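The block underneath contains the structure these notes are about, expressed in structure tokens.
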Amino acid sequence: MVHVHYREDPIIQGGPRFGLVVSKQVGNAVTRHAVSRKLRHTVVQRSIVDTLPRECDVVIRALPRSAAATSDELAHDLEKALEKVQKKR
């Protein structure tokens with residue numbers, strides 16, 4: 001699940017900001033940490049940061065099924081969700 005908010009601050013520093021929410025519903029601490037690492041790696045490796053406007057805040061909420069997903073599946077789902085959100089803008 002992806003939520004995007006566009007800041008309207010007159011002065012915007014830095015690039016898009018990302019936040020991760022991986023609740024206990026996803027699994028134990030080891031599983032949650034692994035999912036967080038996969039998602040962070042996806043954002044950096046796939047250069048998703050470069051495709052978003054600077055004023056963008058993105059919150060990625062991992063659902064329980066993400067515990068069993070591979071890095072490629074998570075990357076595909078994240079890219080698809082971000083494309084969908086950007087089309088709505």
Side-chain angles (χ1 to χ4, degrees):
M1 183 177 292
V2 175
H3 300 281
V4 177
H5 172 74
Y6 294 93
R7 294 172 274 154
E8 298 178 5
D9 300 339
I11 299 174
I12 297 175
Q13 297 179 1
R17 299 184 296 188
F18 286 84
L20 296 175
V21 178
V22 185
S23 72
K24 288 185 179 181
Q25 292 177 339
V26 173
N28 63 18
V30 174
T31 303
R32 292 192 310 268
H33 187 66
V35 170
S36 296
R37 273 196 324 267
K38 288 177 188 176
L39 287 170
R40 265 188 261 117
H41 187 258
T42 298
V43 169
V44 174
Q45 178 190 24
R46 305 264 177 143
S47 300
I48 292 174
V49 175
D50 299 333
T51 64
L52 297 172
R54 291 178 54 188
E55 66 273 2
C56 190
D57 290 339
V58 180
V59 176
I60 302 166
R61 181 172 173 249
L63 298 176
R65 64 188 169 119
S66 62
T70 65
S71 294
D72 288 335
E73 291 171 338
L74 289 174
H76 176 71
D77 290 347
L78 179 58
E79 289 170 353
K80 187 175 164 183
L82 286 172
E83 286 175 10
K84 187 176 178 180
V85 168
Q86 286 181 324
K87 286 181 183 178
K88 286 184 180 182
R89 185 174 182 211

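Given the structure is predicted, the values throughout are model-derived calculations rather than measurements.
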Does any part of the side chain of [Y], heavy atoms only, come nearer than 4.5 Å to the side chain of [X], both counted from C-beta?
| X | Y | answer |
| --- | --- | --- |
| Val43 | Leu78 | yes |
| Ile48 | Leu52 | yes |
| Asp57 | Phe18 | no |
| Arg54 | Arg7 | no |

Residues in side chain to side chain donor-acceptor pair (under 3.5 Å) with [X], at least two apart?
| X | value |
| --- | --- |
| Arg40 | none |
| His5 | none |
| Arg37 | His33 |

| task | Dump the intermediate steps for side chain to side chain contact (heavy atoms under 4.5 Å, CB included) on Val21 and Val59, then the final yes or no. | result | CA-CA 7 Å; Val21 178; Val59 176; 4.0 Å; yes

How close do [X] and [Y] get, counting heavy atoms only, and between which atoms?
| X | Y | result |
| --- | --- | --- |
| Pro16 | Pro53 | CB-O, 3.7 Å |
| Ser36 | Leu20 | O-CD1, 3.8 Å |
| Val35 | Ala67 | CG2-CA, 3.9 Å |
| Thr42 | Ser71 | OG1-O, 4.1 Å |
| Ala62 | Leu39 | CB-CD1, 4.3 Å |

| field | Gap separating the CG atom of Asp77 from the CZ atom of Arg65, nearest 0.5 angstrom | value |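 Output value for this atom pair is 6.0 Å.
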
| field | Inter-residue atom distance Leu82.CG - Ile60.CD1, 0.5 Å rounding | value |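 Going from CG on Leu82 over to CD1 on Ile60, the span is 6.5 Å.
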
| message | Tell me whether His41 at atom NE2 has more than 12 heavy atoms from other residues, nucleotides or ligands lying less than 6.0 Å away. | response |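 Counting neighbours around NE2 of His41, 12 or fewer heavy atoms of other residues, nucleotides or ligands fall under 6.0 Å, so no.
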
| field | Heavy atoms from other residues, nucleotides or ligands near CZ of Arg61 exceed 12 (cutoff 6.0 Å) | value |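 Check fails, neighbour count at 12 or below.
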
| Under 3.5 Å, is there a donor-acceptor pair between the side chain of Ser66 and the main chain of Ala69? |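 It does not hold such a pair.
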
| query | Can you name the salt bridge (charged side-chain N to carboxylate O under 4.0 Å, His left out) partners of Asp50, sequence neighbours left out? | reply |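 Testing Asp50 for salt bridge (charged side-chain N to carboxylate O under 4.0 Å, His left out), a comparison that skips the adjacent residues, returns none.
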
| query | salt bridge (charged side-chain N to carboxylate O under 4.0 Å, His left out) with Glu79: which residues, sequence neighbours excluded? | reply | Arg46

Identify all side-chain donor-acceptor contacts of residues 25-32 below 3.5 Å with residues at least two apart in sequence or on another chain.
| unit_1 | atom_1 | unit_2 | atom_2 | d |
| --- | --- | --- | --- | --- |
| Asn28 | OD1 | Val30 | N | 3.2 |
| Asn28 | OD1 | Thr31 | N | 2.9 |
| Asn28 | OD1 | Thr31 | OG1 | 3.0 |
| Arg32 | NH1 | Gly27 | O | 2.9 |

| request: Verify the cluster assignment for Val2 and Leu63: are they in a single hydrophobic cluster under the rule of side-chain heavy atoms below 4.5 Å apart? | output: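 No, no single cluster joins them.
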
